[in-house]
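Since this is a predicted model, take the numbers as computed values, not measurements. Remember, it's 1-based here, ligands and their atoms both numbered in the order they're listed. Numbering starts at 1 and runs along the sequence shown.
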Amino acid sequence: MSLLEEIQSLKQSALAELTAAADLAALEAAKGAWIGPHGRFTALMKQLGKMSREERPAAGKAINDAKVELEAALSARREALELQASLPKEPTDFTLPGRRHALGKLHPLTQVTDDIVRSFRKIGFAVADGPEIEDDYHCFDALNTPADHPARDMQDTFYVGPQPATGGGMLLRTHTSSVQIRVMEKQPPPVRIIVPGRVFRRDNADATHNPTFHQVEGLYVDKGVTVGDLKGTVEFVFRELMGPDTQIRFRPHYFSYTEPSFEIDFSNTLVKKLGKDWLEIAGCGMVHPAVFETVGYDPEVWTGWAFGFGIERIAMIRYGINDIRLFYENDVRFLRQF
Ligand code: DAH
């Protein structure tokens, strides 16, 4: 056999062994046997020196070509074996049921808020928003609540930073009523908005109080607006929220930004179940002319009403929850029920 023939035949055997290697260990062994430092192919290269000048170039080329071919076969086989090793040993059963993600739910307060917004949207109210860290002008002064009014007492309010005697202090808003002012400052009448949002008071937490809670504010300004419109609107929304047997009652009250002012009581079978005839649910009234003057609306031309109610209160009655703190504990066993 000529040297060239010998190279070819060795190459064929090496290729056969490399491509047949059943796993990575067998492949490494084949590599060692043929093209490793002590492999048979390597030994062949060492013989080049002994060859005649005429033979050497052709043999050198044949050996080099064969080496390139063997290296390629080696890495192709290695890639295939590595891929095989990374696949699962057991075949995949595509008929097995998948792993489901647990579906979350909206928080009960969010559900009630969404329902309130939906009802008001039906009758043409838009949703407005304002800052939770508010200045005392928008929270109090502009709402006809002067500096000596009890609602501004330190007891009721979280101030943020200094509280200058001349006003201009910042605080966590104690009610969503501040957004009435912000909206009226920005747009001319008519206005028809509701403002769902978070409010803050220095209350100690107990079954019916929490220092953070939620309100919905409403404001309607147009020409010739009456208390009748207010009562009809409140009645419509509460019947949607709490069932068609819901009754509404207005009691005279005092708020500095409305005149006349009322508290709203409501009654239905849920209230009766709690052993009560009426539950107080909201404050409201006809917007005070001083408030209109503050925002530059002419009180001789424009009339309006406003209300504010607590969302937790409604959710508690609706779902029969007896402790407000349950809303904030984020216990999924509680939240899953609604
Ligand atoms: N801001 C009042 C509160 O937090 C609720 C309220 C009463 C809002 C009368 C109003 C209103 O807009 O007219 O208790």
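No continuous path of ILVMFWY side-chain contacts below 4.5 Å connects Phe125 to Met184, so the two sit in separate hydrophobic clusters. Put simply, Ile281 and Val195 are part of two different groups of oily side chains (I, L, V, M, F, W, Y) that touch within less than 4.5 Å, one to the next.
Within 6.0 Å of atom NZ in Lys31, 12 or fewer heavy atoms from other residues, nucleotides or ligands are found, so the atom counts as exposed in its surroundings.
The residues Arg182 and Glu134 are annotated as salt-bridged, a charged nitrogen and a carboxylate oxygen being separated by less than 4.0 angstrom. By the 4.0 Å N-to-carboxylate-O rule, Asp277 lies too far from Lys272 to be salt-bridged with it. Salt bridge absent: Glu240 and Arg118 never bring a charged side-chain N and a carboxylate O closer than 4.0 Å.
Interface atoms of ligand 1 facing Phe255, defined by a heavy-atom separation under 4.0 Å, are 7 (C), 9 (C). Every atom of ligand 1 is numbered from 1 in the order shown, and the set under 4.0 Å from a heavy atom of Cys284 is 7 (C), 9 (C), 11 (C), 13 (O). Proximity to Ser177 (heavy-atom distance under 4.0 Å) selects the following atoms of ligand 1: 1 (N), 8 (C). Residue Gln180 has at least one heavy-atom neighbour below 4.0 Å for each of these atoms of ligand 1: 12 (O). Close contacts of ligand 1 with Gly285, meaning ligand atoms under 4.0 Å from a residue heavy atom, involve 13 (O).
Inclusion of Gly218 in the set of residues having an N or O under 3.5 Å from an N or O of ligand 1 is not warranted.
With distances taken over non-hydrogen atoms, the option nearest atom 12 (O) of ligand 1 out of His253, Glu259, Glu217 is Glu217. Residue Tyr257 holds the heavy atom nearest to atom 2 (C) of ligand 1 of all those in Phe262, Tyr257, Trp305, Phe309. By heavy-atom distance, the residue among Arg173, Arg201, Glu263 lying nearest atom 14 (O) of ligand 1 is Arg201.
Note on ring orientation: taking the six-membered ring where Trp is involved, the planes of Phe238 and Phe266 are tilted (angle from 30° to 60°).
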